[in-house]
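Right, one structure below, let's go through it.
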Amino acid sequence: MQPTRTSRIRQRRITRRGLLWMGMQVGVIGVLGWRMRQLQVDQSDEFRMLAEENRINIRLLAPNRGLIFDRNGVPIAINEQNYRIVMIREQAGNAGEVLDRLGELITLSPERRARIDKDMRRRSAFVPVTVAEHLTWEEFALVSSNAPALPGVLPEVGLTRNYPFGQTYGHIVGYVGPVSESDFARMDDPDPLFQIPRYPIGKTGVERNAEETLRGSAGTSRIEVNSMGRIMRELGRDDGVAGKDIQLTLDTNLQEYAMERLGDQSASAIVMDVRNGDVIAMASAPSFDPNLFVRGISTEDWVGLRDNDYRPLSNKSVSGAYPPGSTFKMVVALAAREADVIKPEETVYCPGYYELGGRRFHCWKRGGHGKVDMINSLKHSCDVYYYEVAKRVGIEAIAAKAKQLGLGEKYDIPLPAISRGLVPNKAYKQRVFDQGWLQGDTLNAGIGQGFVLTSPLQLAVMTSRIASGKAISPRIVKSISGVPQRVEAPDVLDIQTVDIEKVRKGMFAVVNEKKGTAYASRIADKDMVLAGKTGTSQVRQITTEERAAGIIKNEDLPWERRDHALFVGYAPYDNPRYAVAVIVEHGGGGSSVAAPIARDVMMRALYGDVPPLTAYPAAERNRIRGERERALEAARTGVSAPTPRGDNL
Amino acid sequence: MSYYDSGYDKSPTGLSKIFFFHWPLFLLLLAVSATGFMMLYSVAGGSFEPWAAAQMERFAVGIVGMFFIAFIHIRFWRRVAPIAYIVSLILLIVVYFFGETGMGAQRWIDVGFMQLQPSEVMKVSLILALAMYYDWLDPDRVSRPLWVLLPLIIMLIPVVFVLQQPDLGTAILLALGGGVVMFLAGVSLWYFVVALAAGGGLVTVVMMSRGESWQILKDYQFRRIETFINPALDPLGSGYHITQSKIALGSGGLSGRGFMQGTQSRLNFLPEKHTDFIFTTLAEEFGFIGSISLLLIYTAITVFVMLSAINNRDRFAGLVTGGLGAVFFFFFTVNMAMVMGLVPVVGVPLPLVSYGGTAMLVLLGAFGLIQSAHIHRPR
C-alpha cells in the first residue's frame, strides 16, 4: 500500500468537511428548536390571548371608484346601485335545493349555476358567494320577500360601473371587469383589494390606463367574529380613500354628434383644440357598448364584435395606421421649403405622369394639371408636383419634417394600444426589409403612400401644428379630482413663417376656391372659414393593364380594396381654433366622403350647436333645410327618418 | 480491507438492490409526506379537495420516479450531469423569455399535464453539475482561484436568471446549495469568509441604492424588507402574514388545539395557508410537541443523508448526497425560520408538506439520487 495513494484517496473523501457541515446543520436546527420553544412554550399564554383578540377580523372595504366626466362636467362613467344576491353555504343547509328554489324566482342559466357551484367549492362554507348581480328592482324585491323560504340567501346592494352614453364613449372610457390572472401578471405588488373576489379593474380605455388614479385605496372594517368565523358585530371602520375623479377634455355633445355623423361606416373623426391640444371629440365607428362587458357579455355579442370586418373593438382614432395619402403633402412642401429646393412660385409641369428610370408614376388626374406652383399643387392635389419635389428634397428631410409635425410619435395619453404610425427613412427600410432605399420609394412617400402610416390622432396633431405653428401635443385628461392638469406652453415650431403661411394659403384654396378639391365642403360664414386638405389613399396596386383599360371605380371594388377617404382641416382660417381629421376606411374619395363629414363636425364644434343655414354654401341650403324639416316631422310623428347624409336636426 | 479492493463491481444488481435501499430514510420521507396530506386535509376544512387528493396523486407518481432513479447506477447520473445542467439552463432561459406569468413573476412553462418550473429542476441539476466538476478536478487544485471561479460561474448563471423571474427564495436556495457542495469539496475556508464579507457589503450597497437612480431592488421588495424589520408598517400586507403566523404558532401552546381545531388558520387570518405557511397550521393544531416532532424528523433525514454522504467512498456520490441533503435542509430551515419571523418572507415551501407539484416531484427525484448513491456505493 503506497502512502501517497492512500493520502490521495483520503483527500478525495469528504469526511472532515462533512462532519463540520453536519455540525453546522445541527446548530441551525437547534436555533429553530429554541425559537419554537420560545414561541410555543414560553410566550404561549401571550399568543393565546392575541389569538382570542384575533376574533376581531379585518375586512377590506372597497373604495368608490373615481368617476369620469366630460369637459363640461357631464358624467360618462358612474357607479350605480347594483342589486345582487349572495349566498352563504353553511347557512343554506342543502345549497342545491335552495338554488333550485331561487331559480324559480329569477333566471339562473346553467353556466351561472356551474360558476356558483365552483365558487362555493373553492371558498370556505361561511364566505358569501355572489349568486346573481344586476337584478331589476322587481326581481330583487321578489327574492327579498321570499327570504324565509331561502335560508342562507342574502339580498345586497352594491355598486357597479355604468356608462350612461354607451357606445358614444366606448373606445375612450373603456370598461371594467373582474380582475384576472393576466391582470395580476402585469402587477409587481398587487393591491390588497384584489383579494376581494371579482373585484373590478379597468380592462381597456381610460379605465385601464388610469386604473391607479381611479381605484383609490382599501378601507378596513374591524368586525368581531365568533369561533366559527361568523360576523357578530362591527367594531369600527375606516372607509379608505375613494378613487380620484377624472375630467376628460372631450365634449359630449360633439362626441355624440361625431359618432352619429360617422354612422355605420368604418371611420374615425377627431377634433382638437389647436391652442392647447385638448381633444374635443374622438369618434371611432363602429363602436361597442361598454355596459355589455360590465354585465358579462354573451358569447353571441362577443363573437359579433370580434368577427366584424369593421373592427368595432379597435379604437381606430389612436390604434389605426393608414397611409395618409395627399394629406401628407403639406409635410413634403414644408420639407422642400426648408431645404430651399423649390421656390413657392416656381412651377412644375404636370403632364399626368412622372417618369423615373423608365417607370411611370401617375398623377390622379389623367390629363395632367399643366403648370402648378406650390399653392395650386395643394389646391388641386397634384401628384406630379410632389414626385418632383420629393425627389429633389430626399426622404431624410421629409422624415425629419414629418417628425417635427408630430407624425411617427406616440403621445402620452391614457389610452391603450396607441399606434406609433410609421415615418420611414433609409435606415428603416434597411433594418426591416434588408433592402436599400429606392428613389421610387421617395416618390411614393412624397404623396403619402408607400411605407408612410399615420393614425387619425397624428393627422389631427399635424394639422394643429400647421394651424398654430406650435408644437401642440394632444391631451384627453383635463383635470384629476378637480385639479387642472398643467399644460406646458408649447414651443414655437422652427419653421419659416412665410413658408407655413404659403401652406396655409394652399389649404385655404383647397376648400374655398373654385376647383379646389374640397370646394363643395366650404363653410360660407366669413368668420368661420375652413381650410384643409383632402386625401385618397390607395390600398391596392393599379396595374398598367388596368390603367390602360380604365381604372376600376371604387364602387365596383370589394369593400376592403377600396381607397381610404381622408380629410384634415382647421378653422377659422384667420384665427385657428379647432383642427379636424377624418378617415373613412375604404370610403372612396377624400373630397366626396371625408370632407363633408369633417365640415359638419367642425361646424358643430364652432357653433356649439346646430349651425345656421347661412353657414352652408348657397347651393346646399335648400337640401339641408329639407332634411331638417323631414327629421323634425319624423320626430313628431314618431316615424324614424331615413338616415340623412348631411347635417340634420 | 484495502481501498484498492473497493470498486463498483460489488454493488448489488437487479432487483436485489431493493435490500440495499436506505429504508429508514424512506420511512421518514413517508412520515413527512403523510403529515403533509393530513395538514392539507385540515386546511381545506376537512376535505381531500382541493389539495390533499392532488398532492397524494403527485406523491404516488413521485415515489415511482424515486425508485426508478434509485435503481439506475449513480455512474449513469454522473454521465448525464452536464446534460441535465445545460437542459435546465435552457429551460430557465426559455421561461425567461416565453414563460407564463403568475402573480408578477415568470416561473413556469406549461407542458400540458403540469406546469414545469425550471428553477426547481435546476436545484438538482446544479448540485449534479458541481459534484461532477469536483469529482473530475484534482483535489490539489480545488482552492486555486481559477478553479474556484469556474464553479462560481456554473452557479451564478442560473442564479441570475432565477433572480430575473424574480424569485428571490429559489435564487438563495440555489446559491446556498452550490456553496455547500464547494464547502464539502474542500475549497479553502478563506473563500467562504471573503464571500460572507462580500455578501454583507452587497446588502449594504443594495440598501443604500434605494431612491437613487441605480436602485437595485424593486420598491415593493424594499417595502418587504422594511415590514420584516417592523411588521406594523404594513398591517394588511406582508407584515400581516408574519404577525398572524406568529400568533397562530404561539397559540398552539405545548400540545396544540387538536386536529382540525386550529381557529387561526381556519378563520382565514392566514394567507397561503396551504403553501408557504402550512407549518403554522400544524404548529397551531399539534402545538410544540407536533412542531418539534416534525423538526426532529427533518433532522433525522438530514443526519441520515449526511452520514450516507460521509460514508460514501465515491467522491461524486458523496458530494451529490451532501449537496442534495443541503438543499433539502435549506428548504425546511428557511421556511420554518420565515414563518417564525426569524428571516424575511421569501417564497420557500416546506418540503414534502406544502402544496406544490414540481417541488414534490423534484424533491422525491433528489431522494432517488441519494438512494442511488447509497445503493451503488463502493464496498
Side-chain angles (χ1 to χ4, degrees), chain A residues 1 5-6 8-22 25-26 28-29 31-33 35-41 43-55 57-58 60 121-122 124-125 127 181-182 184-190 192 195 218 220 225 227-229, chain B residues 2-4 45 49-50 100-104 139-140 180 183-186 218-220 223 235-237 240 244 246-254 263-264 266-269 271 283 287-288 291-292 295 298-299 302-303 306-307 309-310 313 315 318-319 322 326 329 333 336-337 340-342:
Chain A
M1 199 184 283
R5 190 79 172 137
T6 311
R8 279 197 79 74
I9 285 167
R10 276 195 195 288
Q11 206 181 354
R12 284 183 66 83
R13 294 195 57 182
I14 57 172
T15 318
R16 269 181 50 211
R17 284 288 175 94
L19 285 170
L20 195 58
W21 167 237
M22 209 160 84
Q25 285 178 315
V26 171
V28 170
I29 290 168
V31 171
L32 291 179
R35 177 69 170 173
M36 268 175 207
R37 191 192 136 86
Q38 188 189 27
L39 288 175
Q40 297 198 281
V41 179
Q43 301 174 9
S44 169
D45 293 343
E46 206 174 301
F47 281 118
R48 277 261 166 160
M49 225 161 68
L50 281 174
E52 288 307 306
E53 278 173 23
N54 234 350
R55 295 250 164 103
N57 205 333
I58 297 175
L60 288 170
R121 260 183 283 118
R122 279 169 55 180
S124 303
V127 174
E181 271 300 317
S182 62
F184 272 120
R186 287 188 284 121
M187 292 182 247
D188 275 344
D189 194 12
Q195 291 165 15
T220 49
V225 293
S227 59
M228 296 296 290
Chain B
S2 143
Y3 291 120
Y4 286 112
E49 298 295 334
E100 307 267 337
T101 52
M103 303 298 273
D140 286 336
V180 168
F183 178 82
L184 293 177
K218 298 196 172 172
D219 273 334
Y220 77 94
R223 259 177 274 141
L236 289 175
Y240 177 81
Q244 294 302 333
K246 271 168 34 183
I247 290 176
L249 265 143
S251 68
L254 187 68
T263 60
Q264 298 305 299
R266 283 244 297 151
L267 292 188
N268 283 327
F269 288 112
F288 178 68
S291 50
I292 204 80
L295 185 64
Y298 277 135
T299 311
T302 309
V303 169
M306 272 321 290
L307 287 177
I310 291 167
R313 268 181 265 145
R315 187 164 163 88
L319 287 174
F329 165 79
T333 47
M336 284 183 172
M340 291 193 290
L342 289 174

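Numbers restart at 1 for each chain; the letters A, B, ... are given by sequence-line order, proteins then strands.
With hydrogens and angles ignored, the 3.5 Å screen pairs no side-chain donor or acceptor of A:Q40 with any backbone N or O of B:G252.
Taking every heavy atom of both residues into account, A:I14 and B:R315 meet most closely at CG2-NH1, 4.3 Å. What you find for A:S44 and B:G253 is that their closest heavy atoms are OG-CA, 3.2 Å. Heavy-atom minimum distance, A:V28 versus B:T333: CG1-CG2, 3.8 Å.
With a 4.5 Å cut-off on side-chain heavy atoms, A:F47 and B:L249 do not count as touching.
Contact tally against chain B (heavy-atom pairs below 4.5 Å) for A:V41, A:D45, A:L32: the top residue is A:L32. With chain B as partner, the option from A:R16, A:R35, A:M22 having the largest number of non-hydrogen pairs under 4.5 angstrom is A:R35.
If you take CD on A:Q25 and OG1 on B:T302, they are separated by 5.5 Å, rounding to the nearest 0.5 Å.
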Is there a side chain to side chain contact (heavy atoms under 4.5 Å, CB included) between A:M36 and B:L295? Walk through the geometry before answering.
CA-CA 10 Å; A:M36 268 175 207; B:L295 185 64; 4.0 Å; yes

Applying side chain to side chain contact (heavy atoms under 4.5 Å, CB included), run through B:F288 and A:L39 and close with a yes or a no.
CA-CA 9 Å; B:F288 178 68; A:L39 288 175; over 6 Å; no

Walk me through it: do A:I29 and B:Y298 pass the test side chain to side chain contact (heavy atoms under 4.5 Å, CB included)?
CA-CA 9 Å; A:I29 290 168; B:Y298 277 135; over 6 Å; no

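Both the backbone and the side chain of A:R37 come within contact range of chain B, with heavy atoms under 4.5 Å apart. Heavy atoms closer than 4.5 Å to chain B are found nowhere in A:Q43, neither backbone nor side chain.
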